[in-house]
Visitor: 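My structure is below; once you've seen it, I'll send some questions.
Just so you know, ligand 1 is whichever comes first in the structure, and atom 1 is the first atom listed for that ligand.
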Amino acid sequence: MPDTAPIVIIGTGLAGYTLAREFRKLNKDAPVLMLTADDGHSYSKPMLSTGFAKAKTADQLSMADPGKMAEQLNIDVRTFATVTALDPDGHRLFIGEEAVAYSKLVLAWGADLIHLNIPGSGAGKVFAVNDLMDYRRIRDALHDKKKVAILGAGLIGCEFANDLLQGGYHVELIAPSDTALPGMLPKAAGDAVVKGLQAQGAVFHLGQVATAVEEAGDGVELTLDNGVKVQADIVLSAVGLRPRTTLAKHAGVQVNRGIVVDREMRTSAADIYALGDCAEVDGHVLLYVLPLMACAKALAKSLAGEPTKVSYGVMPVVVKTPACPVVVAPPPVGAEGEWRVEQSGDCDVRALFVNADGALEGFALTGSHVMEKQKLAQQLDPIHND
Ligand SMILES: Cc1cc2nc3c(=O)[nH]c(=O)nc-3n(C[C@H](O)[C@H](O)[C@H](O)COP(=O)(O)OP(=O)(O)OC[C@H]3O[C@@H](n4cnc5c(N)ncnc54)[C@H](O)[C@@H]3O)c2cc1C
(Lines give C-alpha, C1' and ligand atoms only; values in the text may rest on other atoms or scores of the structure.)
Protein backbone atom coordinates (compact mmCIF):
# COMPACT_ATOMS: atom_id res chain seq x y z
CA MET A 1 0.00 0.00 0.00
CA PRO A 2 1.52 3.39 -0.96
CA ASP A 3 1.95 5.81 2.00
CA THR A 4 -0.16 8.36 0.18
CA ALA A 5 -3.17 6.05 -0.23
CA PRO A 6 -6.33 7.85 0.88
CA ILE A 7 -9.05 6.79 3.24
CA VAL A 8 -11.61 5.42 0.81
CA ILE A 9 -15.33 5.54 1.58
CA ILE A 10 -17.59 3.49 -0.70
CA GLY A 11 -21.02 5.10 -0.80
CA THR A 12 -22.28 8.68 -0.81
CA GLY A 13 -25.54 8.07 1.03
CA LEU A 14 -26.26 9.49 4.46
CA ALA A 15 -23.74 7.10 6.02
CA GLY A 16 -20.87 7.99 3.69
CA TYR A 17 -21.37 11.76 3.58
CA THR A 18 -22.11 12.02 7.32
CA LEU A 19 -18.89 10.15 8.06
CA ALA A 20 -16.90 12.41 5.71
CA ARG A 21 -18.39 15.52 7.34
CA GLU A 22 -17.70 14.28 10.87
CA PHE A 23 -14.16 13.25 9.94
CA ARG A 24 -13.39 16.64 8.44
CA LYS A 25 -14.40 18.32 11.72
CA LEU A 26 -11.51 16.40 13.32
CA ASN A 27 -8.99 16.21 10.50
CA LYS A 28 -8.83 18.96 7.89
CA ASP A 29 -6.51 17.48 5.31
CA ALA A 30 -5.97 13.69 5.34
CA PRO A 31 -6.85 12.57 1.80
CA VAL A 32 -10.35 11.11 1.49
CA LEU A 33 -11.73 9.54 -1.68
CA MET A 34 -15.42 8.75 -1.95
CA LEU A 35 -16.67 6.29 -4.57
CA THR A 36 -20.29 5.86 -5.53
CA ALA A 37 -22.21 3.79 -8.03
CA ASP A 38 -24.76 6.60 -8.40
CA ASP A 39 -24.65 10.30 -9.31
CA GLY A 40 -23.26 11.29 -5.90
CA HIS A 41 -25.91 13.89 -5.05
CA SER A 42 -26.30 14.55 -1.34
CA TYR A 43 -29.91 14.11 -0.26
CA SER A 44 -31.94 12.97 2.71
CA LYS A 45 -33.36 9.56 1.81
CA PRO A 46 -36.31 9.82 4.25
CA MET A 47 -37.55 12.74 2.16
CA LEU A 48 -38.09 10.42 -0.83
CA SER A 49 -41.35 9.18 0.67
CA THR A 50 -42.64 12.71 1.22
CA GLY A 51 -41.89 14.05 -2.26
CA PHE A 52 -45.26 13.53 -3.96
CA ALA A 53 -47.21 15.27 -1.19
CA LYS A 54 -44.78 18.18 -1.33
CA ALA A 55 -44.62 18.09 -5.15
CA LYS A 56 -40.83 17.96 -5.05
CA THR A 57 -38.79 16.91 -8.06
CA ALA A 58 -35.59 14.90 -7.65
CA ASP A 59 -33.60 18.09 -8.32
CA GLN A 60 -35.46 19.86 -5.53
CA LEU A 61 -34.66 17.03 -3.11
CA SER A 62 -30.96 17.16 -3.93
CA MET A 63 -29.13 19.24 -1.32
CA ALA A 64 -25.78 19.37 -3.13
CA ASP A 65 -24.15 17.89 -6.21
CA PRO A 66 -20.94 15.87 -5.84
CA GLY A 67 -18.78 18.79 -6.98
CA LYS A 68 -20.14 20.95 -4.19
CA MET A 69 -19.68 18.15 -1.65
CA ALA A 70 -16.07 17.66 -2.79
CA GLU A 71 -15.39 21.38 -2.39
CA GLN A 72 -17.20 21.73 0.96
CA LEU A 73 -15.48 18.73 2.52
CA ASN A 74 -12.11 18.93 0.75
CA ILE A 75 -12.49 15.39 -0.57
CA ASP A 76 -12.48 13.64 -3.94
CA VAL A 77 -15.75 12.16 -5.12
CA ARG A 78 -15.92 9.75 -8.04
CA THR A 79 -19.44 9.12 -9.33
CA PHE A 80 -20.76 6.18 -11.37
CA ALA A 81 -17.75 4.26 -10.04
CA THR A 82 -19.09 0.84 -9.06
CA VAL A 83 -16.70 -1.13 -6.89
CA THR A 84 -16.62 -4.69 -8.16
CA ALA A 85 -14.17 -6.43 -5.80
CA LEU A 86 -12.16 -5.97 -2.60
CA ASP A 87 -8.62 -7.19 -1.96
CA PRO A 88 -8.16 -6.81 1.81
CA ASP A 89 -4.66 -8.36 1.84
CA GLY A 90 -3.45 -5.96 -0.84
CA HIS A 91 -5.26 -2.94 0.69
CA ARG A 92 -6.88 -2.42 -2.73
CA LEU A 93 -10.29 -2.44 -4.27
CA PHE A 94 -11.31 -2.78 -7.89
CA ILE A 95 -13.55 -0.75 -10.13
CA GLY A 96 -13.66 -3.25 -12.97
CA GLU A 97 -10.01 -3.66 -14.03
CA GLU A 98 -8.83 -0.54 -12.22
CA ALA A 99 -7.15 -1.06 -8.84
CA VAL A 100 -7.54 1.66 -6.20
CA ALA A 101 -5.29 1.60 -3.11
CA TYR A 102 -6.59 2.58 0.32
CA SER A 103 -5.02 3.19 3.69
CA LYS A 104 -8.35 2.54 5.40
CA LEU A 105 -11.56 1.46 3.70
CA VAL A 106 -15.09 2.22 4.82
CA LEU A 107 -18.01 0.25 3.39
CA ALA A 108 -21.08 2.51 3.39
CA TRP A 109 -22.72 0.94 0.38
CA GLY A 110 -26.23 0.51 1.76
CA ALA A 111 -28.83 -2.19 1.17
CA ASP A 112 -30.22 -3.93 -1.88
CA LEU A 113 -33.87 -3.85 -2.78
CA ILE A 114 -35.56 -7.23 -2.68
CA HIS A 115 -37.06 -7.98 -6.11
CA LEU A 116 -40.03 -10.32 -6.50
CA ASN A 117 -39.60 -11.20 -10.20
CA ILE A 118 -43.33 -11.51 -10.84
CA PRO A 119 -43.88 -13.15 -14.23
CA GLY A 120 -45.58 -11.28 -17.07
CA SER A 121 -45.11 -8.71 -19.81
CA GLY A 122 -45.56 -5.76 -17.42
CA ALA A 123 -42.27 -6.17 -15.55
CA GLY A 124 -40.96 -2.94 -17.13
CA LYS A 125 -43.62 -0.98 -15.24
CA VAL A 126 -42.56 -2.28 -11.83
CA PHE A 127 -40.53 0.39 -10.00
CA ALA A 128 -38.82 0.56 -6.61
CA VAL A 129 -37.36 3.52 -4.75
CA ASN A 130 -34.15 3.25 -2.77
CA ASP A 131 -32.26 6.32 -3.95
CA LEU A 132 -32.69 9.70 -5.59
CA MET A 133 -32.18 8.30 -9.10
CA ASP A 134 -34.99 5.76 -8.51
CA TYR A 135 -37.16 8.63 -7.29
CA ARG A 136 -36.46 10.58 -10.48
CA ARG A 137 -37.46 7.54 -12.56
CA ILE A 138 -40.74 6.93 -10.75
CA ARG A 139 -41.69 10.61 -10.86
CA ASP A 140 -41.09 10.64 -14.61
CA ALA A 141 -43.13 7.44 -15.02
CA LEU A 142 -46.01 8.96 -13.02
CA HIS A 143 -46.14 12.18 -15.02
CA ASP A 144 -49.80 12.59 -16.12
CA LYS A 145 -50.71 9.27 -14.49
CA LYS A 146 -53.14 8.61 -11.66
CA LYS A 147 -52.99 5.09 -10.27
CA VAL A 148 -50.29 3.18 -8.41
CA ALA A 149 -50.35 -0.41 -7.13
CA ILE A 150 -47.97 -0.85 -4.21
CA LEU A 151 -46.54 -4.26 -3.35
CA GLY A 152 -45.84 -4.47 0.37
CA ALA A 153 -47.42 -2.83 3.42
CA GLY A 154 -44.25 -2.32 5.43
CA LEU A 155 -42.74 1.03 6.39
CA ILE A 156 -41.80 2.07 2.86
CA GLY A 157 -45.01 0.79 1.25
CA CYS A 158 -47.20 2.58 3.79
CA GLU A 159 -45.18 5.81 3.64
CA PHE A 160 -45.41 5.91 -0.15
CA ALA A 161 -49.11 5.05 0.02
CA ASN A 162 -49.71 8.05 2.27
CA ASP A 163 -47.47 10.28 0.17
CA LEU A 164 -49.03 9.29 -3.17
CA LEU A 165 -52.54 9.73 -1.75
CA GLN A 166 -51.58 13.23 -0.65
CA GLY A 167 -50.13 13.83 -4.10
CA GLY A 168 -53.52 13.05 -5.65
CA TYR A 169 -52.93 9.46 -6.80
CA HIS A 170 -55.23 6.49 -6.40
CA VAL A 171 -53.40 3.80 -4.43
CA GLU A 172 -54.00 0.07 -3.99
CA LEU A 173 -51.75 -1.91 -1.65
CA ILE A 174 -51.17 -5.62 -2.02
CA ALA A 175 -49.46 -7.56 0.78
CA PRO A 176 -49.39 -11.12 2.09
CA SER A 177 -49.71 -9.96 5.70
CA ASP A 178 -53.04 -9.51 7.49
CA THR A 179 -52.27 -5.91 8.48
CA ALA A 180 -49.90 -3.00 7.83
CA LEU A 181 -46.33 -2.84 9.18
CA PRO A 182 -46.33 -6.51 10.23
CA GLY A 183 -43.40 -7.51 12.38
CA MET A 184 -42.91 -3.90 13.40
CA LEU A 185 -46.25 -3.24 15.10
CA PRO A 186 -48.75 -5.38 17.02
CA LYS A 187 -51.85 -6.07 14.94
CA ALA A 188 -54.11 -3.47 16.55
CA ALA A 189 -51.60 -0.73 15.69
CA GLY A 190 -51.12 -2.08 12.15
CA ASP A 191 -54.90 -2.13 11.70
CA ALA A 192 -55.05 1.51 12.81
CA VAL A 193 -52.65 2.40 9.99
CA VAL A 194 -54.78 0.42 7.51
CA LYS A 195 -57.89 2.33 8.64
CA GLY A 196 -56.10 5.68 8.49
CA LEU A 197 -54.93 5.07 4.94
CA GLN A 198 -58.33 3.67 3.90
CA ALA A 199 -59.93 6.86 5.19
CA GLN A 200 -57.71 8.75 2.72
CA GLY A 201 -58.86 6.49 -0.13
CA ALA A 202 -56.34 3.62 -0.16
CA VAL A 203 -57.61 0.18 -1.15
CA PHE A 204 -55.95 -2.77 0.62
CA HIS A 205 -55.65 -6.34 -0.69
CA LEU A 206 -54.26 -8.05 2.42
CA GLY A 207 -53.38 -11.73 2.60
CA GLN A 208 -52.64 -11.59 -1.13
CA VAL A 209 -49.61 -11.78 -3.40
CA ALA A 210 -49.41 -10.77 -7.04
CA THR A 211 -48.87 -13.80 -9.26
CA ALA A 212 -48.66 -12.01 -12.62
CA VAL A 213 -48.12 -8.51 -13.99
CA GLU A 214 -49.21 -7.99 -17.58
CA GLU A 215 -49.15 -4.91 -19.78
CA ALA A 216 -52.65 -3.52 -20.22
CA GLY A 217 -53.05 -0.46 -22.45
CA ASP A 218 -50.66 2.21 -21.15
CA GLY A 219 -50.51 0.56 -17.73
CA VAL A 220 -50.50 -2.86 -16.14
CA GLU A 221 -52.87 -5.44 -14.75
CA LEU A 222 -51.85 -7.43 -11.70
CA THR A 223 -53.41 -10.80 -10.94
CA LEU A 224 -53.65 -11.65 -7.26
CA ASP A 225 -53.66 -15.19 -5.97
CA ASN A 226 -57.39 -14.98 -5.16
CA GLY A 227 -58.02 -14.20 -8.84
CA VAL A 228 -58.74 -10.49 -8.30
CA LYS A 229 -57.31 -8.19 -11.02
CA VAL A 230 -55.85 -4.80 -10.10
CA GLN A 231 -55.27 -2.20 -12.81
CA ALA A 232 -52.69 0.53 -12.35
CA ASP A 233 -50.49 2.89 -14.33
CA ILE A 234 -47.40 1.58 -12.59
CA VAL A 235 -46.42 -0.79 -9.77
CA LEU A 236 -44.25 0.33 -6.86
CA SER A 237 -42.50 -2.63 -5.29
CA ALA A 238 -41.76 -2.02 -1.59
CA VAL A 239 -41.16 -5.50 -0.29
CA GLY A 240 -37.99 -4.87 1.66
CA LEU A 241 -34.26 -4.25 1.73
CA ARG A 242 -31.32 -6.50 2.50
CA PRO A 243 -27.89 -5.23 3.62
CA ARG A 244 -25.36 -5.42 0.75
CA THR A 245 -22.91 -8.13 1.75
CA THR A 246 -21.91 -9.96 -1.44
CA LEU A 247 -18.61 -8.20 -2.28
CA ALA A 248 -17.50 -8.32 1.34
CA LYS A 249 -18.31 -12.02 1.58
CA HIS A 250 -16.41 -12.77 -1.64
CA ALA A 251 -13.39 -10.98 -0.16
CA GLY A 252 -13.49 -13.17 2.96
CA VAL A 253 -14.88 -10.44 5.23
CA GLN A 254 -17.24 -11.89 7.84
CA VAL A 255 -20.92 -11.33 7.09
CA ASN A 256 -24.08 -12.47 8.80
CA ARG A 257 -27.37 -10.59 8.25
CA GLY A 258 -25.15 -7.59 7.43
CA ILE A 259 -21.39 -6.99 7.31
CA VAL A 260 -20.34 -7.93 10.83
CA VAL A 261 -18.66 -5.08 12.74
CA ASP A 262 -17.87 -4.41 16.38
CA ARG A 263 -18.77 -1.17 18.18
CA GLU A 264 -15.78 0.55 16.55
CA MET A 265 -17.24 -0.46 13.15
CA ARG A 266 -14.26 -2.77 12.50
CA THR A 267 -14.94 -5.67 10.16
CA SER A 268 -13.02 -8.94 10.40
CA ALA A 269 -10.47 -7.54 7.88
CA ALA A 270 -7.68 -5.17 8.92
CA ASP A 271 -8.38 -1.49 8.13
CA ILE A 272 -11.86 -2.17 6.73
CA TYR A 273 -14.88 -0.66 8.48
CA ALA A 274 -18.62 -0.64 7.72
CA LEU A 275 -21.61 1.45 8.75
CA GLY A 276 -25.11 2.33 7.61
CA ASP A 277 -27.60 -0.01 5.95
CA CYS A 278 -24.93 -2.57 5.00
CA ALA A 279 -23.61 -3.10 8.53
CA GLU A 280 -24.52 -5.41 11.40
CA VAL A 281 -23.20 -3.44 14.35
CA ASP A 282 -22.64 -5.48 17.49
CA GLY A 283 -25.45 -7.79 16.33
CA HIS A 284 -27.89 -5.00 15.37
CA VAL A 285 -29.14 -4.48 11.81
CA LEU A 286 -30.96 -1.15 11.98
CA LEU A 287 -31.75 0.38 8.59
CA TYR A 288 -32.47 3.86 9.96
CA VAL A 289 -30.83 7.26 10.13
CA LEU A 290 -30.20 7.67 13.87
CA PRO A 291 -28.05 4.54 14.19
CA LEU A 292 -25.91 5.48 11.19
CA MET A 293 -25.40 9.01 12.55
CA ALA A 294 -24.17 7.59 15.85
CA CYS A 295 -21.86 5.21 13.97
CA ALA A 296 -20.52 8.00 11.74
CA LYS A 297 -19.59 10.16 14.74
CA ALA A 298 -17.81 7.31 16.50
CA LEU A 299 -16.01 6.08 13.38
CA ALA A 300 -14.88 9.61 12.49
CA LYS A 301 -13.12 9.80 15.85
CA SER A 302 -11.54 6.39 15.39
CA LEU A 303 -10.28 7.32 11.90
CA ALA A 304 -8.89 10.55 13.34
CA GLY A 305 -6.84 8.57 15.85
CA GLU A 306 -9.09 8.25 18.91
CA PRO A 307 -10.60 4.73 18.95
CA THR A 308 -14.26 5.19 19.90
CA LYS A 309 -17.12 2.77 20.41
CA VAL A 310 -20.60 3.65 19.21
CA SER A 311 -23.30 3.82 21.89
CA TYR A 312 -26.85 3.25 20.71
CA GLY A 313 -29.42 4.92 22.89
CA VAL A 314 -33.19 4.57 22.66
CA MET A 315 -34.09 5.22 19.02
CA PRO A 316 -37.84 5.19 18.35
CA VAL A 317 -38.78 5.07 14.67
CA VAL A 318 -41.27 7.60 13.34
CA VAL A 319 -43.29 6.25 10.41
CA LYS A 320 -44.27 9.07 8.06
CA THR A 321 -47.96 8.20 7.66
CA PRO A 322 -49.80 11.38 8.72
CA ALA A 323 -53.07 9.59 7.84
CA CYS A 324 -52.35 7.67 11.05
CA PRO A 325 -49.12 8.82 12.73
CA VAL A 326 -46.95 6.03 14.13
CA VAL A 327 -43.99 5.87 16.51
CA VAL A 328 -42.46 2.55 17.42
CA ALA A 329 -39.64 1.44 19.68
CA PRO A 330 -39.52 -2.27 18.89
CA PRO A 331 -38.66 -4.58 21.80
CA PRO A 332 -35.15 -6.09 21.60
CA VAL A 333 -34.89 -9.15 19.35
CA GLY A 334 -35.76 -12.23 21.42
CA ALA A 335 -37.26 -10.20 24.30
CA GLU A 336 -39.85 -12.18 26.24
CA GLY A 337 -43.04 -10.47 27.25
CA GLU A 338 -46.42 -9.43 25.92
CA TRP A 339 -48.05 -6.52 24.15
CA ARG A 340 -50.61 -4.70 26.30
CA VAL A 341 -52.86 -2.84 23.93
CA GLU A 342 -55.29 0.00 24.60
CA GLN A 343 -57.35 1.43 21.80
CA SER A 344 -59.72 4.37 21.53
CA GLY A 345 -61.37 4.98 18.19
CA ASP A 346 -60.03 3.63 14.90
CA CYS A 347 -56.64 5.29 14.90
CA ASP A 348 -55.49 5.75 18.49
CA VAL A 349 -53.54 2.80 19.85
CA ARG A 350 -51.12 2.61 22.78
CA ALA A 351 -49.33 -0.74 22.79
CA LEU A 352 -46.74 -1.38 25.48
CA PHE A 353 -44.41 -4.37 25.36
CA VAL A 354 -43.91 -5.45 28.95
CA ASN A 355 -41.72 -8.27 30.31
CA ALA A 356 -42.53 -10.74 33.10
CA ASP A 357 -41.24 -8.24 35.73
CA GLY A 358 -43.60 -5.57 34.42
CA ALA A 359 -40.76 -3.52 32.89
CA LEU A 360 -41.35 -1.69 29.62
CA GLU A 361 -39.23 -3.12 26.79
CA GLY A 362 -40.82 -1.45 23.77
CA PHE A 363 -43.84 0.46 22.55
CA ALA A 364 -45.95 1.20 19.51
CA LEU A 365 -48.08 4.33 19.43
CA THR A 366 -50.52 5.50 16.78
CA GLY A 367 -52.78 8.50 16.30
CA SER A 368 -52.97 10.90 19.24
CA HIS A 369 -50.80 8.59 21.40
CA VAL A 370 -47.65 9.48 19.44
CA MET A 371 -47.42 12.46 21.81
CA GLU A 372 -46.32 10.02 24.52
CA LYS A 373 -43.11 9.11 22.70
CA GLN A 374 -40.70 11.08 24.91
CA LYS A 375 -42.24 10.01 28.18
CA LEU A 376 -42.17 6.32 27.25
CA ALA A 377 -38.72 6.47 25.62
CA GLN A 378 -37.32 7.68 28.96
CA GLN A 379 -38.52 4.44 30.56
CA LEU A 380 -36.62 2.22 28.12
CA ASP A 381 -33.07 1.01 28.59
CA PRO A 382 -30.66 2.22 25.91
CA ILE A 383 -29.31 -0.50 23.61
CA HIS A 384 -25.82 0.16 24.99
CA ASN A 385 -25.42 1.15 28.61
CA ASP A 386 -21.83 2.43 28.56
C1 LIG B 1 -38.25 5.78 1.10
C2 LIG B 1 -37.46 5.66 2.35
C3 LIG B 1 -37.83 6.38 3.47
C4 LIG B 1 -37.09 6.27 4.65
N5 LIG B 1 -37.48 6.98 5.74
C6 LIG B 1 -36.76 6.91 6.87
C7 LIG B 1 -37.12 7.67 8.02
O8 LIG B 1 -38.12 8.40 8.04
N9 LIG B 1 -36.33 7.59 9.13
C10 LIG B 1 -35.22 6.80 9.16
O11 LIG B 1 -34.52 6.77 10.19
N12 LIG B 1 -34.85 6.05 8.09
C13 LIG B 1 -35.59 6.09 6.95
N14 LIG B 1 -35.22 5.35 5.86
C15 LIG B 1 -33.97 4.56 5.94
C16 LIG B 1 -32.75 5.47 5.77
O17 LIG B 1 -33.00 6.42 4.77
C18 LIG B 1 -31.52 4.63 5.45
O19 LIG B 1 -31.26 3.82 6.58
C20 LIG B 1 -30.27 5.43 5.13
O21 LIG B 1 -30.53 6.48 4.23
C22 LIG B 1 -29.20 4.50 4.58
O23 LIG B 1 -28.06 5.23 4.22
P24 LIG B 1 -26.75 4.51 3.67
O25 LIG B 1 -25.79 5.61 3.41
O26 LIG B 1 -26.35 3.40 4.57
O27 LIG B 1 -27.18 3.80 2.31
P28 LIG B 1 -27.58 4.45 0.87
O29 LIG B 1 -28.21 5.77 1.03
O30 LIG B 1 -28.33 3.39 0.18
O31 LIG B 1 -26.18 4.69 0.18
C32 LIG B 1 -25.45 3.66 -0.41
C33 LIG B 1 -24.39 4.26 -1.29
O34 LIG B 1 -23.50 3.21 -1.71
C35 LIG B 1 -23.32 3.27 -3.11
N36 LIG B 1 -22.96 1.93 -3.58
C37 LIG B 1 -23.63 0.77 -3.44
N38 LIG B 1 -22.94 -0.24 -3.97
C39 LIG B 1 -21.80 0.30 -4.46
C40 LIG B 1 -20.67 -0.24 -5.13
N41 LIG B 1 -20.54 -1.55 -5.39
N42 LIG B 1 -19.69 0.61 -5.53
C43 LIG B 1 -19.78 1.94 -5.27
N44 LIG B 1 -20.82 2.50 -4.61
C45 LIG B 1 -21.81 1.68 -4.23
C46 LIG B 1 -24.64 3.80 -3.62
O47 LIG B 1 -24.50 4.29 -4.94
C48 LIG B 1 -24.91 4.89 -2.57
O49 LIG B 1 -24.12 6.03 -2.86
C50 LIG B 1 -35.96 5.42 4.68
C51 LIG B 1 -35.58 4.68 3.55
C52 LIG B 1 -36.33 4.80 2.39
C53 LIG B 1 -35.92 3.99 1.16
Visitor: Restricting to ring-ring contact (aromatic ring centres under 6.0 Å, His included), what partner residues turn up for Tyr43, sequence neighbours left out?
Guide: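 Once residues adjacent in sequence are excluded, Tyr43 has no partner under the ring-ring contact (aromatic ring centres under 6.0 Å, His included) criterion.
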
Visitor: Going by side-chain contact (heavy atoms from CB on, under 4.5 Å), Met265 matches just one of Leu303, Leu299, Ile272, Val106. Which one?
Guide: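 One option only clears the test, and that one is Leu299.
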
Visitor: If you draw the axis of the six-membered ring of Tyr169, does the NZ or CZ of Lys147 fall within 45° of it and under 6.0 Å from the ring centre?
Guide: no

Visitor: State whether the side chain of Thr84 and the backbone N or O of Gly96 hold a donor-acceptor pair below 3.5 Å, judged by distance alone.
Guide: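 Judged by distance alone, yes, a pair lies under 3.5 Å.
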
Visitor: Answer yes or no: is there a donor N or O on one side and an acceptor on the other, between the side chain of Glu22 and the main chain of Leu19, under 3.5 Å?
Guide: no

Visitor: Around atom CD of Gln72, are there more than 12 heavy atoms from other residues, nucleotides or ligands closer than 6.0 Å?
Guide: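 Yes, CD of Gln72 has more than 12 neighbouring heavy atoms, counting only those of other groups under 6.0 Å.
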
Visitor: Pick out the protein N or O atoms lying less than 3.5 Å from any N or O of ligand 1, and list each pair with its distance.
Guide:
residue, atom, partner, partner atom, Å
ligand 1, 5 (N), Lys320, NZ, 2.9
ligand 1, 8 (O), Lys320, NZ, 2.5
ligand 1, 11 (O), Val289, N, 2.8
ligand 1, 19 (O), Asp277, OD1, 2.7
ligand 1, 19 (O), Asp277, OD2, 3.4
ligand 1, 19 (O), Leu287, O, 3.2
ligand 1, 19 (O), Tyr288, N, 3.4
ligand 1, 25 (O), Leu14, N, 3.2
ligand 1, 25 (O), Ala15, N, 2.9
ligand 1, 26 (O), Asp277, N, 2.9
ligand 1, 29 (O), Lys45, NZ, 3.4
ligand 1, 30 (O), Lys45, NZ, 2.9
ligand 1, 41 (N), Val83, O, 3.0
ligand 1, 42 (N), Val83, N, 2.8
ligand 1, 44 (N), Ala37, N, 3.0
ligand 1, 47 (O), Thr36, OG1, 3.1
ligand 1, 47 (O), Ala37, N, 3.4
ligand 1, 47 (O), Asp38, N, 3.4
ligand 1, 47 (O), Asp38, OD2, 3.2
ligand 1, 49 (O), Thr12, N, 3.0
ligand 1, 49 (O), Thr12, OG1, 3.3
ligand 1, 49 (O), Thr36, OG1, 2.9
ligand 1, 49 (O), Asp38, OD2, 3.2

